[in-house]
Student: 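I am attaching a structure below and will ask some questions about it afterwards.
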Amino acid sequence: MAVRTIEVRERVMARNDEIAAEVRRRLAASGVKAFNVVSSPGSGKTSLLERTLERLGEELGIAVVTGDVQTQNDADRLARRTTRLVQAVVTGGACHLDASQVMAALDAIDLSNTRLLFVENVGNLVCPASWDLGEAAKIVVLSVTEGEDKPLKYPKMFRNARYAVINKIDLLPYVDFDVDQAMAFARQVNPDLQFFMTSARTGQGLESWYAFLQAEAGAPLSV
Ligand SMILES: Nc1nc2c(ncn2[C@@H]2O[C@H](COP(=O)(O)OP(=O)(O)OP(=O)(O)O)[C@@H](O)[C@H]2O)c(=O)[nH]1
Ligand SMILES: [Mg+2]
């Protein structure tokens, strides 16, 4: 029984990877760079994207797909910050988005008019790590209220991400969070991780985040 379960899971994952490759080809054909934004619940993914849409949404032609287990609250929040489509995917219980959901969401997005696509994944530091959505890179958001040990406890997420955003830095005076220690733990599992330090509340640190996105939107896609 256990062996059969593993085989089924492997088939499901293999099929997901095939669809993710199709998503990647489709995005590349339209010159769209996609980021898969992952984190535990409440670290500030939507808040960061709200700010980003306000500042760069038009300039960089940003489209967003949000994934939630239930409700389309995040999509509603983001839609208030942009005139462009925000596509909500309600997973109905699943703890992550999969590539077929992103593929379906792409049908609704005007890709010819889009340069950056953010996929806000379901808040969860475990499942989304294993699912390729066809993104150029995963961006993991870690807020300072979560404890600096999270990269060690959830290593796959930090290993599979190329960028890490340490968010809620406005709260650093009030919490026991050692930024250097958190970065050292994250580098233990992924020495190549590149960091941003932000507050989606005060705007601190967002200038380098915006500069990064501007550079990424202009940079060629590596498929
Ligand atoms: N102080 C502070 N609060 C923040 C910051 N970023 C987000 N928040 C707050 O944190 C809470 C959660 O933020 P969201 O943006 O909804 O977090 P999320 O990661 O999208 O949450 P899920 O989609 O549910 O996983 C909200 O009350 C935000 O106002 C920040 O930089 N500083
Ligand atoms: Mg959210």
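Residue numbers run from 1 in the order of the sequence given. Quick caveat, the model's predicted, so the values are computed rather than measured. Both ligands and their constituent atoms are indexed starting at 1 by order of listing.
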Student: Cluster question for you: counting only ILVMFWY and a side-chain heavy-atom cut-off of under 4.5 Å, with indirect links fine, are Val140 and Ile166 together?
Tutor: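 Same cluster.
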
Student: Are Leu48 and Leu172 joined in one hydrophobic group, where the rule is that I, L, V, M, F, W and Y side chains link up if heavy atoms are under 4.5 Å apart?
Tutor: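 As far as the 4.5 Å side-chain criterion goes, Leu172 and Leu48 are not connected within one cluster.
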
Student: Among protein heavy atoms, which lies nearest atom 32 (N) of ligand 1, and at what distance?
Tutor: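 Ranked first by proximity to atom 32 (N) of ligand 1 is Asp170 OD1, 2.8 Å.
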
Student: Below 6.0 angstrom between ring centroids: does that apply to Phe212 and Tyr163?
Tutor: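 Aromatic pair counts; centres sit under 6.0 Å.
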
Student: Would you mind listing which atoms of ligand 1 come within a distance below 4.0 Å of any non-hydrogen atom of Ser47?
Tutor: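 By the 4.0 Å cutoff, the relevant atoms are 6 (N), 7 (C), 13 (O), 14 (P), 15 (O), 28 (C).
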
Student: Output the distance between atom OG (Ser199) and atom CD (Gln204), rounded to the nearest 0.5 Å.
Tutor: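 Rounded to the nearest 0.5 Å, the OG-CD separation comes out at 6.5 Å.
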
Student: Could you state the interatomic distance from CG (Asn190) to CG (Asn160), rounded to the nearest 0.5 Å?
Tutor: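 Asn190 CG to Asn160 CG: 8.5 Å, rounded to 0.5 Å.
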
Student: Nearest 0.5 Å, please: how far is CD in Glu120 from NZ in Lys45?
Tutor: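 Taking NZ in Lys45 and CD in Glu120, the distance rounds to 5.0 Å.
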
Student: In the protein, which heavy atom is nearest to atom 29 (O) of ligand 1, and how far is it?
Tutor: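 For this ligand atom, the closest protein heavy atom is Arg201 NH2, 3.5 Å.
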
Student: Determine, counting only non-hydrogen atoms of the protein, whether one lies under 4.0 angstrom from atom 7 (C) of ligand 1.
Tutor: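 Yes, there is a protein heavy atom closer to it than 4.0 Å.
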
Student: CD of Gln188 to CG of Leu152: how many Å apart, nearest 0.5 Å?
Tutor: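 The CG atom of Leu152 is 5.5 Å from CD of Gln188, to the nearest 0.5 Å.
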
Student: Determine whether the side chain, the backbone, both or neither of Leu171 has a heavy atom under 4.0 Å from any heavy atom of ligand 1.
Tutor: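 Under 4.0 Å from ligand 1, Leu171 contributes side-chain atoms alone.
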
Student: Would you verify that at least one protein heavy atom lies under 4.0 Å from atom 27 (O) of ligand 1, or report that none does?
Tutor: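 There is no protein heavy atom less than 4.0 Å from atom 27 (O) of ligand 1.
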
Student: Which of the numbered atoms in ligand 1 are below 4.0 angstrom from a heavy atom of Ser199?
Tutor: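 Here the atoms of ligand 1 in question are 31 (O).
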
Student: Ligand 1 versus Asp74, non-hydrogen atoms closer than 4.0 Å: side chain, backbone, both, neither?
Tutor: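 Side chain only.
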
Student: Mind checking how many protein N/O/S atoms fall short of 2.8 Å from the Mg ion (ligand 2)?
Tutor: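 Near the Mg ion (ligand 2), the number of protein N, O or S atoms below 2.8 Å is 3.
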
Student: To which protein heavy atom is atom 17 (O) of ligand 1 closest, and what is the distance rounded to 0.1 Å?
Tutor: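 Closest protein heavy atom to atom 17 (O) of ligand 1: Gly44 N, 3.1 Å.
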
Student: Of all the heavy-atom pairs spanning Ala63 and Ile109, show the shortest one and how long it is.
Tutor: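 So the minimum-distance heavy-atom pair works out to CB-CG2, 3.9 Å.
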
Student: Just by distance, with hydrogens left out, do Asn16 and Asp98 show a side-chain donor and acceptor under 3.5 Å apart?
Tutor: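 Note: Asn16 and Asp98 side chains miss the donor-acceptor criterion.
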
Student: Nearest 0.5 angstrom please: Asn124 CG to Met157 CE, how far?
Tutor: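 Going from the CG atom of Asn124 to the CE atom of Met157 covers 6.5 Å.
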
Student: Taking the side chain from Ser30 and the backbone from Val32, do they hold a donor-acceptor pair closer than 3.5 Å?
Tutor: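 Not a single qualifying donor-acceptor pair exists.
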
Student: Could you check atom 31 (O) of ligand 1 against the protein and tell me its nearest heavy-atom contact, residue, atom and distance included?
Tutor: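 Nearest protein contact, heavy atoms only, for atom 31 (O) of ligand 1 is Ala200 N, 2.8 Å.
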
Student: Is there any N or O on Gly42 that sits under 3.5 Å from an N or O of ligand 1?
Tutor: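 Checking ligand 1 against Gly42, an N or O pair does fall under 3.5 Å apart.
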
Student: To check your reading of the model: name the closest protein heavy atom to atom 18 (P) of ligand 1, its residue, and the distance in Å.
Tutor: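 Going atom by atom, the protein heavy atom closest to atom 18 (P) of ligand 1 ends up being Lys45 N, 3.5 Å.
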
Student: Out of Glu50, Lys168, Arg51, who is nearest to atom 30 (C) of ligand 1 when you count heavy atoms only?
Tutor: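 The nearest heavy atom belongs to Lys168.
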
Student: Got a sec, which residues hit salt bridge (Lys or Arg N to Asp or Glu O under 4.0 Å) with Glu146, two or more places apart in sequence or on another chain?
Tutor: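 Result, salt bridge (Lys or Arg N to Asp or Glu O under 4.0 Å) vs Glu146: none returned.
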
Student: How long is the straight-line distance from OG1 of Thr82 back to CG of Leu49, given to the nearest 0.5 Å?
Tutor: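 Going from the CG atom of Leu49 to the OG1 atom of Thr82 covers 11.5 Å.
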
Student: Got Phe118 and Ile62 here, is their nearest side-chain heavy-atom distance under 4.5 Å?
Tutor: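 The answer is yes; the side chains approach within 4.5 Å.
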
Student: Would you say Arg77 contacts ligand 1, with heavy atoms under 4.0 Å as the rule?
Tutor: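 Judged by the 4.0 Å heavy-atom criterion, Arg77 does count as contacting ligand 1.
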
Student: Under 4.0 Å from a heavy atom of Glu120: which atoms of ligand 1 are those, numbered in the order shown and with their elements?
Tutor: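 The list of qualifying atoms is 20 (O), 23 (O).
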
Student: Just to be sure I read this right, does ligand 1 sit under 4.0 Å from the backbone of Thr46, its side chain, both, or neither, counting only heavy atoms?
Tutor: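 It is both backbone and side chain that touch ligand 1.
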
